[in-house]
Chemist: 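A single structure is presented below for examination.
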Amino acid sequence: MTPAKFWDSVAEKYAKMKIRNPEQYNLSLERTRSYLREEDRVLELGCGTGSTALLLAPSVALYTGSDVSPKMIEIAKEKLAEAGQSNLDFIVADADSDALGTAYDAVMAYNLLHLVDNLPTTLRHIHSITREGGLLITKTPCLGSKKWLFAPLLWVMQLFGKAPDVLLIKSAYLEQSITDAGFEIIEAADYGSRYVVARKT
């Protein structure tokens with residue numbers, strides 16, 4: 001099953017899920033807002049059904065949410081129609097797609113980088129679409145230290161189509177990969193997952 005088909009199949013259920021740790025989620029949103037400026041043009045990769053985009057869009061000039069799943073984007077657009085947020089739009093696109101455009105002041109990836117096919121390739125693409133001095137802001141589950149526990153569980157779930165492909169990485173590898181892609185890390189913290197802010201150099 002392709003990533004798009006998998007996320008299409010779970011989109012309705014995903015849209016109804018409550019945030020597992022709202023306190024940590026809100027802390028990461030506060031930190032993100034502290035880096036955003038009202039004139040910024042922002043891209044969110046893997047935006048899902050648009051909940052985070054709707055919360056952050058009022059802080060910037062233009063905000064684009066993208067996701068590989070057409071169904072996720074369909075739900076996001078329904079939310080947008082209700083909210084009436086005029087500076088926000090949603091598009092169907094893979095994180096490595098040329099259709100995403102370029103020269104973003106900030107590119108965000110929440111709960112995405114552990115799901116990509118090739119982390120270094122995706123990070124290099126993010127670097128290429130971020131303006132000089134622009135930011136990568138990401139929050140990523142790093143389960144590599146418990147690979148012995150999660151790998152068998154994921155294998156069984158994937159066998160029955162209940163889980164996508166997942167990179168079981170450690171936070172040190174994530175941060176080194178971000179640095180290798182041409183970013184300088186300016187903040188790293190744990191808010192349920194590894195939260196990293198890095199500037200394009």
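These numbers come from a predicted model, not from an experiment. Any value given below was found using the heavy atoms of this structure, including those in side chains, with hydrogens, waters and symmetry copies removed.
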Chemist: Among L113, I169, L123, which residue meets the side chain to side chain contact (heavy atoms under 4.5 Å, CB included) test with S177?
Modeler: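 It is L123, the one option of L113, I169, L123 that forms the side chain to side chain contact (heavy atoms under 4.5 Å, CB included) with S177.
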Chemist: Are V92 and I75 connected, step by step, through hydrophobic side chains (Ile, Leu, Val, Met, Phe, Trp, Tyr) whose heavy atoms are closer than 4.5 Å?
Modeler: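 No, separate clusters.
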Chemist: Taking only residues at least two apart or on different chains, which pairs with a member in residues 164-201 satisfy ring-ring contact (aromatic ring centres under 6.0 Å, His included)?
Modeler: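 Listed by first then second residue: H127-F183, Y191-Y195.
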Chemist: Please answer whether the main-chain N or O of G182 pairs with a side-chain N or O of T201 as donor and acceptor at a distance below 3.5 Å.
Modeler: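 Judged by distance alone, yes, a pair lies under 3.5 Å.
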Chemist: Not counting sequence neighbours, list each pair that qualifies as a ring-ring contact (aromatic ring centres under 6.0 Å, His included) and has a residue in residues 51-106.
Modeler: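 Qualifying pairs, neighbours excluded: none.
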Chemist: Would the distance check show the side chain of N87 and the main-chain N or O of V60 forming a donor-acceptor pair, the cut-off being under 3.5 Å?
Modeler: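 Pair found, side chain donor or acceptor close to backbone of V60.
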Chemist: Do I178 and I185 have side chains that get closer than 4.5 Å, going by heavy atoms?
Modeler: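 With C-beta onward as the side chain, the pair touches.
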Chemist: Under 4.5 Å between any side-chain heavy atoms of D98 and H125, yes or no?
Modeler: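 The answer is yes, as the side chains (C-beta and beyond) meet within the 4.5 Å cut-off.
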Chemist: Under a 3.5 Å distance rule, please check whether R124 uses its side chain to pair with a backbone N or O of L119 as donor and acceptor.
Modeler: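 Such a contact is absent between R124 side chain and L119 backbone.
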Chemist: Surrounding CD of E23 (heavy atoms of other residues, nucleotides or ligands, distance under 6.0 Å), is the total greater than 12?
Modeler: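 Not more than 12 within 6.0 Å, no.
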Chemist: For E78, give me all partners under salt bridge (charged side-chain N to carboxylate O under 4.0 Å, His left out), at least two apart in sequence or on another chain.
Modeler: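 Counting only residues at least two positions away or on another chain, E78 forms no salt bridge (charged side-chain N to carboxylate O under 4.0 Å, His left out).
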Chemist: Identify whether the distance between the nearest side-chain nitrogen and carboxylate oxygen of K5 and D8 falls below 4.0 Å.
Modeler: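 No, K5 and D8 are not salt-bridged.
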Chemist: So, do P120 and D180 sit near enough that their side-chain heavy atoms are less than 4.5 Å apart?
Modeler: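 SC-SC contact between P120 and D180 ruled out.
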Chemist: Does T49 reach the main-chain N or O of A76 with its side chain, forming a donor-acceptor pair under 3.5 Å?
Modeler: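 No; judged by distance alone, with no hydrogens or angles, the pair does not exist.
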Chemist: Do Y110 and S28 get their side chains close enough for a donor-acceptor pair, meaning under 3.5 Å?
Modeler: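 There is no such pair (donor and acceptor under 3.5 Å, judged by atom type) between the side chains of Y110 and S28.
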Chemist: State plainly whether one hydrophobic cluster holds both L55 and L88, where clusters connect Ile, Leu, Val, Met, Phe, Trp and Tyr through side-chain heavy atoms under 4.5 angstrom apart.
Modeler: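 Hydrophobic grouping puts L55 with L88.
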Chemist: Under 3.5 Å, side chain of N26 to main-chain N/O of P22, donor-acceptor pair present?
Modeler: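 Answer holds: yes.
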Chemist: Please check if L36 and L43 belong to a single hydrophobic cluster, counting links between Ile, Leu, Val, Met, Phe, Trp and Tyr side chain heavy atoms closer than 4.5 Å.
Modeler: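 Shared cluster, no.
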Chemist: Which heavy atom of T122 sits nearest a heavy atom of A95, and at what distance?
Modeler: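 In this case the closest contact between T122 and A95 is CG2-CB, 4.2 Å.
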Chemist: Tell me, do R194 and L174 make a side-chain contact under 4.5 Å, heavy atoms counted?
Modeler: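 Result yes, sub-4.5 Å side-chain heavy-atom pair found.
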Chemist: Over all heavy atoms of both residues, which pair between A83 and L54 is shortest? Give the atoms and the distance, please.
Modeler: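 That would be CB-CD2, 3.9 Å.
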Chemist: If you compare all heavy atoms of D190 against all heavy atoms of Q24, which two are closest, and at what distance to 0.1 Å?
Modeler: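 Scanning both residues completely, I find the closest heavy atoms to be O-OE1, 4.0 Å.
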Chemist: Would you find a donor on one side and an acceptor on the other, under 3.5 Å apart, between the side chain of D67 and the backbone of M72?
Modeler: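 No, because the side chain of D67 does not come within donor-acceptor range (under 3.5 Å) of the backbone of M72.
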Chemist: Look only at the side chain of T130 and the backbone of V107, and say whether a donor-acceptor pair between them is shorter than 3.5 Å.
Modeler: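 Looks like no, no N/O pair under 3.5 Å.
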Chemist: I'd like to know if K71 and E12 make a salt bridge, using a cut-off of under 4.0 Å between side-chain N and carboxylate O.
Modeler: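 So K71 pairs with E12 through a salt bridge.
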Chemist: Side chain to side chain contact (heavy atoms under 4.5 Å, CB included) between Y35 and T32: does it pass, once the steps are laid out?
Modeler: CA-CA 5 Å; Y35 287 101; T32 296; 5.8 Å; no
Chemist: Ignoring hydrogens and geometry beyond distance, is a side-chain donor-acceptor pair present between S97 and D94 at under 3.5 Å?
Modeler: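 No.
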